[in-house]
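Chain letters run A, B, ... following the sequence lines, proteins first, then strands; residues in each count from 1. Just so it is clear, the values below take in all heavy atoms, side chains as well, and ignore hydrogens, waters and symmetry mates. Worth saying up front: this structure is predicted, and the values here are computed from it rather than measured.
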There are 2 protein chains.
Amino acid sequence: MTATSGPNSRATIEDVALAASVSVATVSRALRGLPNVAESTRVRVEQVASRLNYHAHPNASGLASGRSLNIAIAVPVLNSWYFSEVVAGAEAVLPEAGYSLLVTATSSSAERSEFVRWAAFSGSADGVIMVDLPLDSNDVQLLSRAELAVVTTGFDCPEFPSVVVDNVAVGVLATKHLIDRGHRRIGILTGQSEDPLHFTVPSDRVDGFKRALLESGIDFDPNLECTGNFTTSGGREAMGSLLDLDESPTAVFAMSDEMAFGAIWAAHDRGLTVPGDLAVVGVDDHDMSEMLGLTTVSQQVDQHGVVAARWLTDGLGGATKASESAEMNIELVVRTTT
Amino acid sequence: MTATSGPNSRATIEDVALAASVSVATVSRALRGLPNVAESTRVRVEQVASRLNYHAHPNASGLASGRSLNIAIAVPVLNSWYFSEVVAGAEAVLPEAGYSLLVTATSSSAERSEFVRWAAFSGSADGVIMVDLPLDSNDVQLLSRAELAVVTTGFDCPEFPSVVVDNVAVGVLATKHLIDRGHRRIGILTGQSEDPLHFTVPSDRVDGFKRALLESGIDFDPNLECTGNFTTSGGREAMGSLLDLDESPTAVFAMSDEMAFGAIWAAHDRGLTVPGDLAVVGVDDHDMSEMLGLTTVSQQVDQHGVVAARWLTDGLGGATKASESAEMNIELVVRTTT
DNA sequence: CGACATCATGTAAGCGCTTTCAGGCCACAT
DNA sequence: ATGTGGCCTGAAAGCGCTTACATGATGTCG
């Protein structure tokens, strides 16, 4: 049909220009809504482009303009409820701004650094969202030097805008709730004990836990702290070991709903009732929490992704803001496990 | 440091060439492991490249070579256990082959078509994985014409290699198990009743269900079929309506674990015990299924993503196979809900 | 010892866009 | 008429790579 190509090969801007009897420059301007194009010309070009199924080749336009129209998101793992919510949130808003989402899982510190180098030097993405992957100073340096927009989620990074939650407040809220219910011997299920990534969420929540105890005059008992790795099975094991203690807790603060599920499971394993023998409060408001009646500190996780992505696209659009940080809301949802 | 650029801007192949005292062509060849490069030269180039933090600009190399080194994956939604497993599986193997993953959620038929057009004409990706998104003939045509590798997952597409499960067998397996346990009045929780996408998984599983009943001489009762939309809350509602029937079922086949969770919930709502008053079998082997003791037909979902991705990268690597289809294993995992 | 592969390297022509720069055209004021 | 400015458009120079193709330097063999 067209002068230079059959229907099989992709139409180029030149095909469109030829068919519309204008120059490639005009096609480029018309299709991108740039000013200084006569309305009649624009319409004609758009019609031809659509007829030819023309899509600008991203590599070519990216090379010429220096922009890739990609946003890269890095998460520790993909197949976990929390991270897939964040990714889904980001994915939901990026297309509106014309961006695509490159997804990478970086489970180790080495992989994270490799990702940072790639993001900083390859030009694959115009912006980066780091989810729960604290950056070391080298990472920060590389990312700052690159002409790259960066937003972090789940941890505060002074150098970049961050989407965060007040995790101390999360710990306080959950723990106070248990104390209000009359509990004095309260266990806590944390994330990793030793964290090579220096992820502060667990320690902040522990701090909140301790603060709430302190304010109520309850001594913190280190024996009641146990690591559940943020997983259901980890929570089950951790809770199991707490329940097998001579003086086992009557309530537990699990710092993720998944660990809370494991805690409930461990209680059932031992014939204990929830909340009769063990009260449980989690964090997240996981899809399954309502069904299980789990009391939890809700954070709208997908919104973390949405906010991070918006921040990036807005910044890229021009209004590059200084590094602020957005604090997301939390809310105690009381159900039947407390 | 280098001749043409400070440490802030990305190093180009020319910087490397200059620093290594060779031509850009040699750098290109050396770094990509092409033949006809002296070993000493290759080593030197690699050292310089590494020192300069050089990464080939993907847009530039993509434009020149016609390859993008991206794989695009499209799923109906991202924040669902099933799809995040598939995506995670694909993401896990692509980096090995040098590919990045572009993730898109296309919840409607219009979005799916838009994705197909984009994939076929933009050149953003060298390959595409369509997950549970049946293609219409127009989609197939566009994708075939584009020089694009395509793999489908979750449905059989004669034109492209497909990663599938024998869903009739799934239905038979689950239903027979319930019949073997002595149940005669068995309900079924299906996906959407009307599916604009022509997604055959639900109907195949219903077929298996009916076949198993037939083989045991049990009449199929349409009143016992209800739609749960593959979600926990949908399953709860659907199961609720079945349990409120005059002649309610003593067992139910939920065609996803999430709906099965909802079914268990609905039983608890009414003070019924599982499996005493209601036996439940699901499909998937969701992370949470073990904890809830759910009997289920397991399919290694993440492997679907792995197989699809490998197929793509292998094919792209040269050995482009004809459109075969890989049938993934299923297995009944008996736990305490039956 | 000259002819001819063989290997290592360089030269240069694009890949399909964006963007700067330089007109051409027309309306309007002078 | 002449000048002036505002619009619209086209020509052309890259963006940073890959990849024929050309070239020189070796080595091999009759």
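- Taken to the nearest 0.5 Å, the CG atom of B:Leu133 stands 9.5 Å off from the OG atom of B:Ser109.
- Rounding to whole angstrom units, CG of residue B:Asn53 and P of D:dG16 are separated by 17 Å.
- Computed from coordinates, the B:Leu34 CG to D:dT18 C1' distance equals 10 Å when rounded to whole Å.
- Proximity of a side-chain donor or acceptor of B:Arg10 to a complementary backbone N or O of A:Phe121 within less than 3.5 Å is detected.
- The distance from atom NE2 of A:His57 to atom P of D:dC17 is 15 Å, rounded to the nearest whole Å.
- With rounding to whole Å, B:Leu52 atom CG is found 14 Å from D:dG16 atom P.
- In this entry the distance linking CD of B:Glu14 with P of D:dG16 reads 9 Å, nearest Å.
- For the pair B:Ser84 (side chain) and B:Trp81 (backbone), a donor-acceptor distance under 3.5 Å is present.
- Counting only distance, with no hydrogens or angles, the side chain of B:Thr313 and the backbone of B:Ala309 share a donor-acceptor pair below 3.5 Å.
- Here NE2 of B:His304 is found 12.5 Å from CD1 of B:Ile129. Values are rounded to the nearest 0.5 Å.
- Rounded to an integer number of Å, the gap from B:Leu18 CG to D:dC17 P is 13 Å.
- With rounding to the nearest 0.5 Å, the separation of OG in A:Ser122 from CG in B:Asn53 is 11.5 Å.
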Reading 5' to 3' through nucleotides 5-15 of chain C, protein heavy-atom contacts under 4.0 Å coded B for base, S for sugar-phosphate only, - for none: --SSBBB--BB

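- Across the protein-nucleic acid pair, B:Leu31 atom CG and D:dT18 atom P stand 9 Å apart, rounded to whole Å.
- Note on A:Arg32: a side-chain N or O is less than 4.0 Å away from OP1 or OP2 of C:dT19.
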